[in-house]
J.: 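My questions all concern the structure below.
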There are 2 protein chains.
Amino acid sequence: MNKLLVTVDIVLFTLLERRLQVLLIKRLAPPFVGSYALPGGFVLEDESLDAAAQRELHEETGVDASNGDVYLEQLYTFGEPGRDPRGRVVTVAYYALVSNSQILKAGTDASDASWFAVDELPQLAFDHTQIIEYAHRRIRNKLDYTSVGFELLPEKFTLTELQVVHEAILGEKLDKRNFRRKILQQGIVEATKELQKAGRKPAQLYRFSS
Amino acid sequence: MNKLLVTVDIVLFTLLERRLQVLLIKRLAPPFVGSYALPGGFVLEDESLDAAAQRELHEETGVDASNGDVYLEQLYTFGEPGRDPRGRVVTVAYYALVSNSQILKAGTDASDASWFAVDELPQLAFDHTQIIEYAHRRIRNKLDYTSVGFELLPEKFTLTELQVVHEAILGEKLDKRNFRRKILQQGIVEATKELQKAGRKPAQLYRFSS
DNA sequence: TCAAAAGTGTTGAAGATACACCCATGG
DNA sequence: CCATGGGTGTATCTTCAACACTTTTGA
């Protein structure tokens, strides 16, 4: 009948500069002052774990997961004694996927937050390096049998943008023709009537079809 | 800085009568007196979550997971407020796979424990039905890309026994020739020099090769 | 001699991989 | 006019699915 401290930490991914990146927050209080750490915090008495994750995500990063357009999923629970020098803390880790456009909406008021490429992380507080690796592994596997890729893109996107997402997550180049064939014959995207006019040559915009 | 009750619950699977079965314990104390529930209990101040799961498994079922021959893996953490009428309880669920022979070794001193086929569960306490479904789904998926099946068998086994394990987990019949070819060309089993003499026709015994 | 489980190959379909060129646009 | 990214098809290989009969043994 032993009560323990329970926190949620969130590995927030996005795609920036064609690379998979994670949001980290510089710690202002001990322990690990000055190190970067995952956004997160304590679970309140009367909120679910998912709700706590949503709340912390919003408080610390400005990203709003309460409407359906942020993918948020429980990852794993870390509870080694000694993983937090302040005492026994059990952390339920989550990961979240947001598009570039949602980040901009969220604004940068969480001032000590910055993005880091997953393969170039700084030294992190606690066991957060391990948690991020675990999350990265999870989405890599998930890409094989689901359509998580869309969660990192805005509502409308080109197939090349989707391919870049897959390449960033998998860490390898994909063949353009094979990729397009696979996505199209899976029937999980549908063409919109719009073209992206930004680039050199206008590209067909697609949207995710449930 | 809110402390919460943290428990571990274990979904212990085995294969009995060619069916996937789960160990349940009849509750003697409120709430849910007389209902069946998963074995589990509170996490102590200075033990890891894995250690707590191992300890509870041993205390409540007699199964010893401290040597390597029980497969024990964290499943998911359930923390809805209201899932336990006594108050806020966060449960880190685990699942474990044991062979028939390990059960017999463990003995039946945990007197109010009984096995139930996963597809014929009684009414359960708390949200334990949901936890078992989650665990069942996990091992079904895992069967596609790993070799969890072995964990439900003794060290030496025939290919037909392995096939029965797969069929019990997947809930469908498999083609014998296709199954054997797949397993053999994966190279994850090796033939021993022994034959099983029990049945009608002697069968080659295999063992798992790491 | 019968019942029960062991063991064994082939074919066709579907899915995955490798691979190269032309086109439209903006600078 | 050139650099950039958009867009397209085919041949091959690998993988998966369907399918039936013979053998050994104990009762």
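A quick note: this is a predicted structure, and the numbers were derived from the prediction, not measured. These values consider heavy atoms only, across backbone and side chains, with no hydrogens, waters or symmetry-generated copies. Here is the naming used below: chain letters follow the sequence lines, and residue numbers restart at 1 for every chain.
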J.: What I want to check is whether the side chains of A:Asp50 and A:Ser48 have a donor and an acceptor closer together than 3.5 Å.
T.: no
J.: Nearest whole angstrom, please: distance from the C1' of D:dT23 to the CG of B:Leu195.
T.: 14 Å
J.: Do we see a donor-acceptor contact under 3.5 Å between the side chains of B:Thr160 and B:Thr158?
T.: no
J.: I need the CD-P distance between A:Gln186 and C:dG15, as an integer number of Å.
T.: 11 Å
J.: So which of residues 144-161 of chain B are in contact with DNA chain C, with a heavy-atom cut-off of under 4.0 Å?
T.: B:Thr160
J.: Show me, pair by pair, the donor-acceptor contacts under 3.5 angstrom made by side chains of residues 4-13 of chain A, not counting sequence neighbours?
T.:
unit_1	atom_1	unit_2	atom_2	d
A:Thr7	OG1	A:Thr91	OG1	2.6
A:Asp9	OD2	A:His128	NE2	3.0

J.: Looking at NE2 of B:His166 and CG of B:Leu15, how far apart are the two atoms once the value is rounded to the nearest 0.5 Å?
T.: 11.0 Å
J.: Take atom CG of A:Leu162 and atom P of D:dG6, then tell me their distance rounded to the nearest Å.
T.: 12 Å
J.: For A:Phe150 and A:Tyr71, run ring pair (Phe, Tyr, Trp, His ring centres under 6.0 Å): C-alpha distance rounded to whole Å, both residues' side-chain angles, the deciding distance at 0.1 Å, then the answer.
T.: CA-CA 10 Å; A:Phe150 303 110; A:Tyr71 187 84; over 10 Å; no
J.: So, for A:Glu167 and A:Leu174, which heavy atoms are closest and what is the spacing to 0.1 Å?
T.: OE2-N, 2.9 Å
J.: Would you mind reading off the distance between A:Glu167 atom CD and D:dG5 atom P, rounded to a whole angstrom?
T.: 13 Å
J.: Rounded to whole angstroms, how far apart are CD on B:Gln204 and P on C:dG7?
T.: 7 Å
J.: Consider ring-ring contact (aromatic ring centres under 6.0 Å, His included). Of B:Tyr76, B:Tyr94, B:Tyr95, which one does B:Tyr134 pass it with?
T.: B:Tyr76
J.: Separation of A:Gln163 atom CD from D:dT4 atom P, in whole Å?
T.: 18 Å
J.: Hey, does the side-chain of B:Lys201 have a donor or acceptor N/O within less than 3.5 Å of a partner on the base of D:dG26?
T.: no
J.: Please name the pair of heavy atoms, one in A:Glu47 and one in A:Ala52, separated by the smallest distance, quoted to 0.1 Å.
T.: OE2-CB, 3.2 Å
J.: So, the side chain of B:His136 versus the backbone of B:Ile169: is there a donor-acceptor pair under 3.5 Å, distance only?
T.: yes
J.: How many whole angstroms separate atom CG of A:Leu174 from atom P of C:dA16?
T.: 13 Å
J.: Separation of A:Leu170 atom CG from C:dA16 atom P, in whole Å?
T.: 14 Å
J.: Mind listing the N/O atom pairs, protein and nucleotides 16-19 of chain D, below 3.5 Å?
T.:
unit_1	atom_1	unit_2	atom_2	d
D:dA18	N7	B:Asn178	ND2	3.0
D:dA18	N6	B:Asn178	OD1	3.0
D:dA18	N6	B:Arg181	NH2	3.4
D:dC19	N3	B:Arg177	NH2	3.4
D:dC19	N4	B:Asp175	OD2	3.3

